[in-house]
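A short write-up of the structure that comes next.
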Amino acid sequence: MAEISEALGQMAIMLAIAIGGFVATKVGVLRHEQVSDFTRLLLNITLPCMLLASVNSMKGATPETMGIAGLLALFQFFALMLCAMLCNVLFRTPREERSIYIFMAICTNTGFIGLPVISSIYGSDSVLFCGIFIAVLAFFVYSVGFGALVPRKPGEKAKIPWKAMMNPAMIASVVSIVLVLLGFEFPPVAEKGLSMVGNITAPVAMLMVGIIIANARLADVFKEWRLYPFILIRQLIVPAALFLGLNALGIDHLLAGVFVIMFAMPVGSMAPAFAQMMGRDPQLPARGTVLSTLSSFIVVPLLVAWMTVMA
């Protein structure tokens with residue numbers, strides 16, 4: 001029951017900050033143009049600091065548990081892909097939108113929302129495992145995801161944006177894993193400084209969510225009917241079912257929790273920009289980002305409650 005209360009409390013705080021960002025945008029204190037600035041701040045500074053700060057808390061991590069986390073992250077990517085394909089078939093998604101739904105399924109907010117939410121529920125011991133999930137999923141988003149999204153002529157190969165993949169958050173994930181395997185620890189002053197900067201990730205991310213919602217036309221968001229069953233299946237039903245399988249296999253409770261909550265993360269806030277960059281209509285992923293983010297404030301506590309009861 002403590003985990004349920006913790007999850008409800010943390011999501012309530014996150015929601016309050018997002019509402020603050022929404023109100024601040026409506027009164028003109030924050031602007032939509034600042035989303036790109038917040039994104040650069042999170043990706044280049046606060047997320048890397050949070051990941052590096054987790055190194056000292058992972059003294060007991062073994063290559064075996066980190067390997068299991070990597071395999072779970074790999075499995076998660078393919079499960080997300082299959083989930084989107086199933087939804088496309090069930091709901092007869094128009095051909096031109098199918099690849100966008102696949103991209104929305106795999107391009108999720110694991111870093112900006114997932115990492116701070118999970119760390120607030122499970123503590124600092126979960127951060128490095130989150131980093132493994134972020135690194136693995138980011139690799140496939142920038143490769144397979146972009147390959148599915150970009151329009152190209154028959155027989156033309158998709159170009160993988162390797163340069164975009166090598167961002168500071170991705171690099172920090174890999175460096176953190178290596179440092180833990182080597183048994184390295186940061187001096188107390190350095191660890192405290194990294195933690196202090198990393199701890200602003202959650203509030204900044206939620207302010208960014210508030211800005212995005214404030215600039216969305218909610219009437220258009222709510223009328224996109226396929227998003228409702230898509231979110232229900234991808235963010236709630238499938239991760240809840242997969243937890244039963246992980247539990248039956250005896251997977252560590254922390255790793256299973258990271259897997260489930262990462263699976264349930266909303267469509268990434270960068271998905272619309274990525275779609276537009278690839279020459280696709282950004283409206284559908286923008287609507288998916290807003291509706292799935294709003295849904296996550298209900299879905300995550302429900303999943304934590306489900307895992308607590310079924311564990």
Side-chain angles (χ1 to χ4, degrees), residues 14-15 17-52 100 103-117 130-131 134-135 137-143 145-146 149-150 159-173 197-218 220-221 265-294 296-297:
M14 298 286 192
L15 179 58
I17 297 173
I19 291 173
F22 177 90
V23 173
T25 304
K26 288 298 185 182
V27 301
V29 175
L30 296 175
R31 303 183 309 278
H32 181 65
E33 292 75 18
Q34 291 174 299
V35 169
S36 59
D37 295 329
F38 283 152
T39 299
R40 284 193 291 270
L41 174 65
L42 295 174
L43 193 64
N44 297 323
I45 300 176
T46 69
L47 275 174
C49 286
M50 177 181 274
L51 288 162
L52 291 171
I100 296 178
F103 190 72
M104 287 195 295
I106 62 176
C107 181
T108 59
N109 230 327
T110 53
F112 295 168
I113 298 180
L115 196 155
V117 167
C130 292
I134 291 170
L137 293 174
F139 174 82
F140 284 107
V141 167
Y142 284 111
S143 54
F146 276 23
L149 194 61
V150 63
K159 295 181 180 179
I160 299 175
W162 298 108
K163 186 177 180 180
M165 189 185 299
M166 297 307 293
N167 58 70
M170 181 80 160
I171 294 170
S173 296
V197 176
N199 286 341
I200 71 172
T201 300
V204 171
M206 290 302 105
L207 285 174
M208 188 170 72
V209 167
I211 296 174
I212 292 172
I213 294 173
N215 285 278
R217 293 186 59 184
L218 294 182
D220 292 336
V221 171
M265 283 297 102
V267 178
S269 54
M270 291 300 293
F274 286 150
Q276 189 169 30
M277 184 175 70
M278 294 296 164
R280 305 299 293 271
D281 184 0
Q283 293 302 315
L284 178 56
R287 294 166 187 168
T289 297
V290 173
L291 192 58
S292 61
T293 300
L294 291 172
S296 67
F297 290 107

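Small disclaimer: the values here were computed from a predicted structure and weren't measured.
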Original post:
Would a 4.5 Å heavy-atom cut-off, applied to side chains only, mark Val204 and Thr46 as touching?
Top reply: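 A side-chain contact is absent here, since even the closest heavy-atom pair is not under 4.5 Å.
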Rounded distance [0.5 Å steps], [atom1] in [X] versus [atom2] in [Y]:
X: Met50; Y: Leu42; atom1: CE; atom2: CG; answer: 9.5 Å
X: Thr108; Y: Ile106; atom1: OG1; atom2: CD1; answer: 9.0 Å
X: Leu284; Y: Ile100; atom1: CG; atom2: CD1; answer: 5.5 Å
X: Ile212; Y: Phe38; atom1: CD1; atom2: CZ; answer: 10.5 Å
X: Ile134; Y: Ser173; atom1: CD1; atom2: OG; answer: 5.5 Å
X: Met208; Y: Leu41; atom1: CE; atom2: CG; answer: 9.5 Å

Original post:
Shortest non-hydrogen contact from Cys49 to Val197?
Top reply: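 Taking every non-hydrogen atom into account, SG-CG1, 3.8 Å.
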Subject >> Heavy-atom closest contact (Gly131 atom, Leu51 atom, distance) >> reply: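 Heavy atoms only, the tightest pair is CA-CD2, 3.5 Å.
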Original post:
If only atom types and distance count, is the side chain of Thr289 paired as donor or acceptor with the main-chain N or O of Gly268 below 3.5 Å?
Top reply: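 Side chain of Thr289 to backbone of Gly268, a donor-acceptor pair under 3.5 Å: yes, one is there.
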Original post:
Would a distance-only check, ignoring hydrogens and angles, find a side-chain to backbone donor-acceptor pair under 3.5 Å from Ser292 to Val267?
Top reply: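 Side chain of Ser292 to backbone of Val267: a pair is present.
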Original post:
Checking side-chain contact (heavy atoms from CB on, under 4.5 Å) for the pair Val141/Phe103: CA distance, chi angles, key distance, verdict?
Top reply: CA-CA 8 Å; Val141 167; Phe103 190 72; 4.1 Å; yes
May I have the list of side-chain donor-acceptor pairs in residues 24-36 shorter than 3.5 Å, sequence neighbours left out?
| residue | atom | partner | partner atom | Å |
| --- | --- | --- | --- | --- |
| Thr25 | OG1 | Gly21 | O | 2.7 |
| Lys26 | NZ | Ala214 | O | 3.1 |
| Gln34 | OE1 | Arg31 | N | 2.7 |
| Ser36 | OG | Glu33 | O | 3.0 |

Original post:
Under the salt bridge (charged side-chain N to carboxylate O under 4.0 Å, His left out) test, which residues partner Asp220, sequence neighbours left out?
Top reply: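 Arg217, Lys223.
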